[in-house]
Amino acid sequence: MKAPSVDRSIAPTSTGITNKMDAIVQDAYGSDARKLLRLAEVVRPAIQDDQVLVRVAAASVDRGTVHVMTGMPYAMRLAGFGARAPKAANPGRCFAGTIDSVGKQVTGFAPGDQVYGTSTGTFAEYVAAKPGKVALKPANLTFGQAAAVPISAVTALQAVRRAGVGAADKVLVIGASGGVGSFAVQIAKAFGAEVTGVASTSKVEMVRALGAQHVVDYTAGDFLDGRVRYDLILDTGGNSRLADLRRALTPTGRLVLVGGESGARWLGMGRQLKAALLSPLVKQKLGSLMSKENAEDLVVLTELIESGRVVPAVDKTYPLAEAAAAITYVWEGRARGKVVIAI
């Protein structure tokens with residue numbers, strides 16, 4: 001497939017200017033990534049005193065990328081992403097790369113450090129980032145593998161903590177083959193749990209390879225019928241009814257709903273609100289999680305990764321010019337683990 005040409009129209013035209021970079025550009029919200037996103041030459045970000053400038057080697061796609069691109073659910077637009085058009089230059093949210101320069105107030109990082117973390121507009125050759133959302137890259141990962149970690153693995157770690165996963169707990173991970181789910185399986189197991197992963201037929205072996213002791217093919221029957229009950233359920237899938245999830249929990253079991261509902265147009269938090277209202281009235285603990293990006297959790301993940309207990313599951317790698325195809329692949333639910341964009 002021929003790579004899209006680079007749009008040079010929005011870059012400075014004066015000779016001698018070297019502060020340019022290639023980046024994905026998005027001017028409006030929409031659902032067709034191939035029509036919406038284009039590769040263009042833009043000015044590199046100028047860092048503030050409390051930021052670092054990173055030469056990006058790789059980025060990755062997650063469900064949040066789709067939300068940023070589409071502006072859905074609508075509530076996120078009012079939350080600061082832009083009411084009529086996206087504030088971010090492109091929907092990229094995480095990266096791995098090498099620090100190019102640091103602001104005057106920055107300590108703990110220096111040019112040449114290999115790092116990973118989160119910011120906005122990461123589908124680009126350079127990105128400005130806050131040190132509070134950046135950590136040194138795990139030594140045993142490539143840049144591509146490291147780029148798969150920051151959003152999805154941090155969310156998974158926080159979900160496992162929120163659920164209170166401990167040794168010998170029976171844990172069900174719904175959406176175990178996805179970006180968050182693939183990390184949740186491994187982190188829950190690292191915490192000593194007996195993990196059951198839920199996936200479609202074609203992804204069963206992939207989930208088993210992640211280390212899940214049991215794997216359920218959700219197309220083969222009702223895995224929430226109550227015949228097997230779990231101490232904890234981490235639902236990263238967003239489709240199961242709250243009543244069905246409760247039926248598969250022990251009488252004092254704990255449920256964590258991760259993220260919002262896929263396809264919701266307005267709020268995207270219907271089950272989360274129901275769970276919050278119902279939880280005080282029942283013995284089961286029903287909650288939800290909206291993750292918070294931070295460097296401290298990246299450091300914890302680095303330890304888990306360098307010890308070999310967590311390994312990023314990377315499905316495909318696309319070049320920057322094909323970012324739209326990468327996003328479409330994830331949106332259509334075809335990804336097994338993470339999808340990476342090489343810069």
Side-chain angles (χ1 to χ4, degrees), residues 1 29-37 59-73 76 91-94 123 144 147-149 151-153 155-156 159 172-186 195-210 212 215-224 233-241 244-245 256-265 268-272 288-291 312-318 322-341:
M1 182 172 72
Y29 291 124
S31 58
D32 190 337
R34 291 183 173 89
K35 293 181 179 179
L36 189 66
L37 306 179
S60 67
V61 181
D62 58 85
R63 293 298 301 184
T65 307
V66 175
H67 293 313
V68 173
M69 184 186 76
T70 61
M72 302 285 284
M76 66 177 289
R93 305 197 307 144
C94 57
F123 297 159
V149 175
I151 297 288
S152 296
T155 300
L172 181 71
V173 179
I174 301 175
S177 64
V180 176
S182 61
F183 283 112
V185 167
Q186 298 179 76
V195 181
T196 298
V198 179
S200 62
T201 306
S202 63
K203 299 175 181 178
V204 164
E205 290 306 316
M206 175 259 187
V207 174
R208 185 170 286 114
L210 292 173
V215 184
V216 175
D217 179 353
Y218 69 77
T219 68
D222 183 4
F223 63 93
L224 297 174
I233 296 178
L234 305 178
D235 185 1
T236 73
N239 296 315
S240 301
R241 295 190 315 131
D244 294 335
L245 292 167
V256 176
L257 303 171
V258 182
E261 271 71 48
S262 57
R265 294 178 62 85
M269 300 290 288
R271 290 191 311 162
Q272 285 82 347
S288 59
L289 172 78
M290 298 302 290
S291 64
V314 176
D315 183 355
K316 288 189 174 185
T317 300
Y318 291 79
E322 297 178 19
I327 294 171
T328 300
Y329 184 73
V330 171
W331 196 358
E332 292 175 347
R334 292 187 283 159
R336 302 183 183 198
K338 295 291 294 182
V339 170
V340 169
I341 295 175

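For Asp222, the salt bridge (Lys or Arg N to Asp or Glu O under 4.0 Å) partners at least two apart in sequence or on another chain are Arg247. Residues passing the salt bridge (Lys or Arg N to Asp or Glu O under 4.0 Å) test with Arg34: none are found, sequence neighbours excluded.
Tested against Ser288 for a side chain to side chain contact (heavy atoms under 4.5 Å, CB included), the candidates Leu257, Val256, Asp235, Val258 yield a single pass: Leu257.
Nearest heavy-atom pair, Val207 versus Ala199, reported as atom, atom and distance to 0.1 Å: CG2-CB, 3.7 Å. Between Gly197 and Ala176 the shortest heavy-atom distance is CA-CB, 3.7 Å. Closest heavy-atom contact between Ala33 and Ala324: O-CB, 3.4 Å. Minimum heavy-atom separation, Gly144 to Val340: O-CG2, 3.3 Å. Of all non-hydrogen atoms in Met206 and Ser182, the two that sit nearest each other are CE-CB, 4.2 Å. Shown here for Cys94 and Ile151, the closest heavy-atom pair between the two residues is CB-CG1, 3.8 Å.
Summarising the geometry, atom CD1 belonging to Ile341 is positioned 10.0 Å from atom CD belonging to Glu322; distances are rounded to the nearest 0.5 Å. Here the OG1 atom belonging to Thr236 is positioned 12.5 Å from the CZ atom belonging to Phe183, to the nearest 0.5 angstrom. Atom CZ of residue Phe123 and atom OG of residue Ser60 lie 7.0 Å apart, to the nearest 0.5 angstrom. The CG atom of Asp32 sits 8.0 Å away from the CH2 atom of Trp331 when rounded to the nearest 0.5 Å. Here the CG-OG1 distance, from Asp217 to Thr201, works out to 3.0 Å after rounding to the nearest 0.5 Å. Atoms CZ and CG, from Arg93 and Asp62 in turn, are 4.0 Å apart once rounded to the nearest 0.5 Å.
Between Asp315 and Tyr329 there is a side-chain heavy-atom pair separated by less than 4.5 Å. With contacts defined as side-chain heavy-atom distances shorter than 4.5 Å, the pair Asn239/Tyr218 does not qualify.
Formation of a donor-acceptor pair under 3.5 Å by the Arg63 side chain with backbone atoms of Gly179 is not found in this model. Between the side chain of Lys203 and the main chain of Gly178, no donor-acceptor pair closer than 3.5 Å is present. The main-chain N or O of Val61 is found under 3.5 Å from a side-chain atom of Lys338 such that the two form a donor-acceptor pair.
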Determine whether Leu37 and Ile327 satisfy the following criterion, side-chain contact (heavy atoms from CB on, under 4.5 Å), listing intermediate values before the conclusion. CA-CA 10 Å; Leu37 306 179; Ile327 294 171; 3.5 Å; yes

Hey, mind stepping through Leu245 and Ile174 against side-chain contact (heavy atoms from CB on, under 4.5 Å) and telling me if it holds? CA-CA 10 Å; Leu245 292 167; Ile174 301 175; 3.5 Å; yes

